[in-house]
Student: 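One structure, as structure tokens, below. Some questions next.
This structure is a prediction, so every number in the text was calculated from the model and none was measured. Just the heavy atoms: all of them, side chains too, but no hydrogens, waters or symmetry mates, feed the values below. So that the names make sense, note that chain A is the first sequence line, chain B the second, and so on, each numbered from 1.
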Amino acid sequence: LKLLKRGLVYRREATVNWDPVDMTVLANEQVIDGRGWRSGAVVEKRKLTQWFLRITDYADDLIEGLKTLDRWPEKVRTMQENWIGRSQGLRLTWQFDAAPPQAKAAGVENGLEVYTTRPDTLYGASFLAIAPDHPLAEQLSSDPRVADFIKLCRAGGTSEAEIEGAEKLGLDTGLSVVHPFDPTWKLPVWIANFVLMDYGTGAIFGCPAHDQRDLDFARKYGLPVKPVVVPSDADPATFDVGAEAYVGPGKIFNSDFMDGMTVEQAKAAAVSRVESQDQGKGATVYRLRDWGVSRQRYWGCPIPIIHCEACGPVPVPDDQLPVVLPEDVSFDVPGNPLLRHPTWKNVKCPSCGGDAQRETDTLDTFVDSSWYFARFANPHASEPIDKAAADKWLGVEQYIGGVEHAVLHLLYARFITRALKDEGMLSVAEPFTGLFTQGMVTHETYKSVEGEWVEPDCIDFATESGVRIARVKTTGEQLVIGDIEKMSKSKKNVVAPEGIFETYGVDAARLFVMSDSPPERDVEWTNAGVEGAGRFVHRVWAEFDAQAEGPAPAFDDSDPAALDLRKATHKLIGPVTDSIERFRFNSGVAKLYEFLNVLKGHPAAGATPAVQAARAEALDVLARLINPFTPHLAEACWERLGKDGMVVDAEWPKADAALASDNEVTLPVQINGKRRAELVVAKGADSKAVEALALADASVSVHLAGLTVRKVIVVQDRIINIVAN
RNA sequence: GGGGACGUGGCGGAAUGGUAGACGCAGCGGCCUUAAAAGCCGCAGCCGCAAGGCGUGUGGGUUCGAGUCCCACCGUCCCUACCA
């Protein structure tokens with residue numbers, strides 16, 4: 001209601017995707033190949049009065065704000081920028097040669113307004129085209145030819161393949177308009193199926209030479225094609241567009257006052273000429289539409305509005321908020337239970353006291369997810385948002401989610417956060433200052449010969465003559481092994497976690513997901529992989545279990561085996577810590593595996609006191625380092641060591657710098673970039689001395705035989721490269 | 001059509017411009033066992049008996065040195081779309 005008062009909420013009739021089986025509006029994302037994602041019914045276009053949030057008010061701000069999100073993936077920022085789709089151009093009205101009688105009813109008595117980003121090509125215009133649902137087209141549909149054509153256009157599907165292959169269709173209305181720069185030049189007005197009502201003005205001017213769609217259309221209907229931009233390396237006299245429109249940069253020609261200008265210069269010149277003639281104005285247009293939030297569903301936040309015949313839509317008074325959904329609803333028939341509930345919707349008008357009805361549409365779930373993080377700052381506050389708490393916690397420093405939310409949740413939340421900031425309820429404009437988009441868990445898919453998806457749990461696998469075979473456990477029916485896809489209920493390639501937890505444990509499952517791939521990438525779920533993680537869990541436990549109880553002996557670094565283990569321990573801390581901070585969990589896990597192998601090389605059985613001491617230290621560090629990866633195991637290990645409290649509360653280990661660094665390094669010696677020898681030298685050894693050592697090395701001199709050394713590059717503690725020929 | 005990402009062993013993947021293939025999976029060999037499983041120890045990019053050679057999609061370039069940087073191409077995946 002606060003957004004409503006701010007003018008950010010409005011109601012209008014809109015064309016929506018209507019699922020006739022589930023009897024609800026679907027978002028564009030929920031329409032797959034023209035069918036409802038759940039019902040599979042062919043989705044209809046329907047006009048419904050819907051509530052909208054004015055996200056377009058924030059279009060510029062949302063684009064500008066992207067520049068501040070330097071801890072967001074470039075990809076997501078690009079997607080949002082493209083989605084908002086700001087373009088700079090010109091709105092231009094073309095006067096009718098002779099206005100039709102329907103012009104007034106269509107609201108175009110002053111002419112047809114078009115939007116273009118290419119005013120520089122105005123002299124290449126050859127026709128005007130309006131969308132089939134443009135008001136003028138609708139007014140003209142008393143003509144059966146027009147009515148039939150509009151019907152034909154609507155029949156066209158919305159699926160990708162249909163749009164891809166769709167033929168350009170047009171109908172000449174017989175009307176004509178006058179060119180803004182030449183009163184003697186008349187252009188025909190067409191209705192065309194490729195013009196969209198909900199972008200720009202729903203009308204375009206066609207410039208076939210410099211737009212592929214216009215060219216296809218012009219070729220089909222025999223309309224003129226007049227080039228007005230020529231690439232700098234082409235001759236205007238012979239330049240021909242052929243079958244491909246020229247959309248690149250170049251010089252303007254055939255264009256009177258713009259001749260010789262660059263495309264950019266001509267755009268500016270055309271805009272100022274049109275503006276001086278008072279026929280149009282430079283304009284910014286966005287691809288972004290306002291956000292339709294009405295849903296004909298029960299499970300949603302009620303829209304706090306009461307509809308009164310006399311007063312229109314009236315906000316629910318504050319003291320009656322929140323509107324609570326009724327619980328005695330039935331889902332036995334499709335459609336919105338709120339609409340058929342016998343009493344819930346019937347209320348008195350807060351304004352006039354007369355009979356009125358509640359709004360039965362509910363809000364899109366994305367409305368709730370657009371501000372929950374502000375509520376989470378203090379979920380017990382009596383007000384929706386505790387501003388002091390929100391100020392303390394927001395913006396969210398590290399947000400994690402799938403990339404599928406790039407232009408849905410992540411855009412909506414940025415919009416609502418800005419609106420709440422303007423309302424004074426929040427102080428930040430950006431809800432999430434850091435974003436990490438994690439990958440999905442995927443699994444192989446299996447299909448029966450009839451094309452039915454089959455769950456992995458019902459399948460036995462075997463290898464027959466080198467080929468992997470999948471069969472249904474109960475019937476033995478052979479299955480087709482399909483692609484590895486995102487786990488989804490519809491494809492039945494979901495592996496229920498409970499079974500895995502029972503067999504391998506929660507820690508093994510968690511460890512596998514983290515160790516398999518970097519987290520931004522998809523993970524293919526495999527039983528073998530989880531087994532590997534399970535082995536690690538058991539091996540770690542075995543080491544703790546084998547450790548002698550009681551206080552550890554004192555360190556003795558003169559024992560080479562003990563020192564070896566202590567060094568490995570202290571060398572482990574840095575990389576594991578780093579891997580966590582950099583979200584490179586798979587590398588961190590690899591380090592832990594590596595360390596476990598070292599630890600196993602210093603077994604508890606028969607260990608010297610020095611090794612026992614080193615092991616005690618190693619286990620102490622290991623328990624803490626594995627805690628983020630395998631928390632349950634870590635606690636059990638911690639307890640086994642006889643430590644107080646929980647390892648989750650224990651301090652993160654710090655490496656002893658002296659033990660973590662070596663005083664000797666092994667340097668590869670390259671000759672002309674190929675490794676020929678290795679040299680062990682003191683860390684930080686002088687370059688000249690290292691060079692001398694390298695040149696004196698026996699295996700180096702073998703490879704240098706007959707060559708003259710031209711140059712020796714010594715990168716301290718890294719590498720030696722000898723250039724010789 | 002537009003935008004983005006990515007190409008490294010049989011597989012998942014490591015690698016601040018500095019020894020490519022860490023670690024794991026699958027595989028192979030051995031130990032243990034009456035036997036198997038588990039476990040433990042070892043081998044393992046490709047060609048070659050070896051010496052050695054070749055290797056990060058392809059072709060160029062920069063560099064003492066390129067998986068990494070630059071250019072072109074090929075391929076795969078994702079997003080988006082008759083957006084004027």
Side-chain angles (χ1 to χ4, degrees), chain A residues 28 73-79 81-83 85-87 89-90 114-119 121 129 131 156 160 162-169 192-196 198-207 210-214 216-217 245 247 285-289 403-404 406-407 439 511-512 515-518 520-524 526-533 535-536 538-539 542 575 578-579 584 586-597 600-601 603 666-678 710-724:
Chain A
N28 289 332
E74 183 67 37
K75 177 184 183 169
V76 175
R77 287 189 283 166
T78 307
M79 282 168 75
E81 191 170 343
N82 291 342
W83 187 261
R86 178 163 61 189
S87 76
L90 169 70
V114 306
Y115 171 73
T116 180
T117 56
R118 295 297 303 272
T121 64
E160 190 183 329
E162 281 168 313
I163 287 172
E164 191 84 34
E167 203 183 346
K168 302 270 179 295
L169 298 174
N193 66 340
F194 68 93
V195 181
L196 305 176
D198 49 6
Y199 182 77
T201 63
I204 62 159
F205 84 81
C207 177
H210 305 293
D211 183 288
Q212 191 59 44
R213 293 156 304 171
D214 297 348
D216 295 345
F217 191 78
V247 295
V285 163
Y286 302 88
R287 213 188 72 102
L288 183 70
R289 319 270 159 74
V403 73
E404 68 273 16
V407 290
L511 184 67
F512 166 61
S515 66
D516 188 63
S517 311
E520 69 274 15
R521 245 181 264 187
D522 290 352
V523 175
E524 189 199 348
T526 63
N527 271 1
V530 193
E531 264 172 57
R535 269 198 284 275
F536 176 79
H538 284 116
R539 280 184 206 152
D578 191 51
S579 82
R584 307 302 304 267
N586 55 328
S587 295
V589 173
K591 291 287 173 198
L592 291 169
Y593 274 105
E594 224 171 308
F595 179 71
L596 183 65
N597 289 335
K600 282 158 67 84
T666 306
L667 298 182
V669 183
Q670 293 185 336
I671 295 171
N672 293 331
K674 294 212 177 290
R675 189 174 68 94
R676 296 302 185 187
E678 271 181 2
R710 300 291 172 193
K711 197 174 174 186
V712 179
I713 290 122
V714 178
V715 182
Q716 202 177 57
D717 299 339
R718 268 250 114 93
I719 201 165
I720 303 152
N721 192 13
I722 301 168
V723 185

Student: Are any of A:Y199's side-chain N or O atoms less than 4.0 Å away from OP1 or OP2 of B:A84?
Tutor: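 For A:Y199, the contact criterion (side-chain N or O under 4.0 Å from OP1 or OP2 of B:A84) is met.
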
Student: How does RNA chain B read in dot-bracket, base by base from 5' to 3', with Watson-Crick or G-U pairs under 3.5 Å and | used when the partner is on another strand?
Tutor: (((((((..(((.....[....))).(((((.......))))).(((....)))..(((((..]....))))))))))))....

Student: May I ask you to evaluate whether A:R584 reaches the phosphate of B:A15, defined as a side-chain N or O under 4.0 Å from OP1 or OP2?
Tutor: yes

Student: Tabulate protein N/O versus nucleotide N/O from nucleotides 24-28 of chain B, keeping only pairs under 3.5 Å, one per line.
Tutor:
unit_1: B:C25; atom_1: OP1; unit_2: A:R535; atom_2: NE; d: 3.2
unit_1: B:C25; atom_1: OP1; unit_2: A:R535; atom_2: NH2; d: 2.9
unit_1: B:A26; atom_1: OP2; unit_2: A:R535; atom_2: NH2; d: 3.4

Student: Give me the distances for all protein-to-nucleotides 19-21 of chain B N/O pairs that come in under 3.5 Å?
Tutor:
unit_1: B:U19; atom_1: O2; unit_2: A:R675; atom_2: NE; d: 3.4
unit_1: B:U19; atom_1: O2; unit_2: A:R675; atom_2: NH1; d: 3.4
unit_1: B:U19; atom_1: O2; unit_2: A:E678; atom_2: OE2; d: 3.3
unit_1: B:U19; atom_1: N3; unit_2: A:E678; atom_2: OE2; d: 3.3

Student: Of all residues at least two apart in sequence or in a different chain, which pass the ring-ring contact (aromatic ring centres under 6.0 Å, His included) check with A:F217?
Tutor: A:F127, A:W190, A:F194, A:Y221

Student: Can you check nucleotides 2-6 of chain B for protein contacts, nitrogen or oxygen pairs under 3.5 Å, and list what you find?
Tutor:
unit_1: B:G3; atom_1: O2'; unit_2: A:N82; atom_2: ND2; d: 3.4

Student: Return the set of residues passing side-chain hydrogen bond (donor to acceptor under 3.5 Å, both in side chains) with A:R535 (not counting sequence neighbours), or none when no residue passes.
Tutor: none

Student: Return the set of residues passing salt bridge (Lys or Arg N to Asp or Glu O under 4.0 Å) with A:D211 (not counting sequence neighbours), or none when no residue passes.
Tutor: A:R213

Student: Quick one: is B:A22 close enough that its OP1 or OP2 comes under 4.0 Å of any side-chain N or O from A:K591?
Tutor: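 For B:A22, neither OP1 nor OP2 has a side-chain N or O of A:K591 closer than 4.0 Å.
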
Student: Please produce a list of atom pairs where a protein N or O lies less than 3.5 Å from an N or O of nucleotides 51-61 of chain B.
Tutor:
none

Student: Only counting residues at least two apart or in another chain, list the ones meeting side-chain hydrogen bond (donor to acceptor under 3.5 Å, both in side chains) with A:N721.
Tutor: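 Once residues adjacent in sequence are excluded, A:N721 has no partner under the side-chain hydrogen bond (donor to acceptor under 3.5 Å, both in side chains) criterion.
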
Student: Pull up the glycosidic torsion of B:G9 and say syn or anti, syn being anything within 90° of 0.
Tutor: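 Syn, since the glycosidic angle lies within 90° of 0.
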
Student: A:E594: which residues meet the salt bridge (Lys or Arg N to Asp or Glu O under 4.0 Å) condition with it, sequence neighbours left out?
Tutor: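 Salt bridge (Lys or Arg N to Asp or Glu O under 4.0 Å) list for A:E594, sorted by chain: empty.
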
Student: Listed by chain and number, what are the side-chain contact (heavy atoms from CB on, under 4.5 Å) partners of A:R584, not counting sequence neighbours?
Tutor: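 A:R584 satisfies side-chain contact (heavy atoms from CB on, under 4.5 Å) with A:S579, A:R582, A:N586, A:S587 only.
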
Student: Donor-acceptor pairs under 3.5 Å, side chain of residues 198-205 of chain A to any protein atom, not counting sequence neighbours: which ones?
Tutor:
unit_1: A:D198; atom_1: OD2; unit_2: A:R289; atom_2: NH1; d: 3.4
unit_1: A:Y199; atom_1: OH; unit_2: A:S87; atom_2: OG; d: 3.4
unit_1: A:T201; atom_1: OG1; unit_2: A:E113; atom_2: O; d: 2.7
unit_1: A:T201; atom_1: OG1; unit_2: A:A203; atom_2: N; d: 3.4
unit_1: A:T201; atom_1: OG1; unit_2: A:A203; atom_2: O; d: 3.3

Student: Choose from B:C82, B:G13, B:C64 the nucleotide whose nearest atom is closest to any side-chain atom of A:I713.
Tutor: B:C64

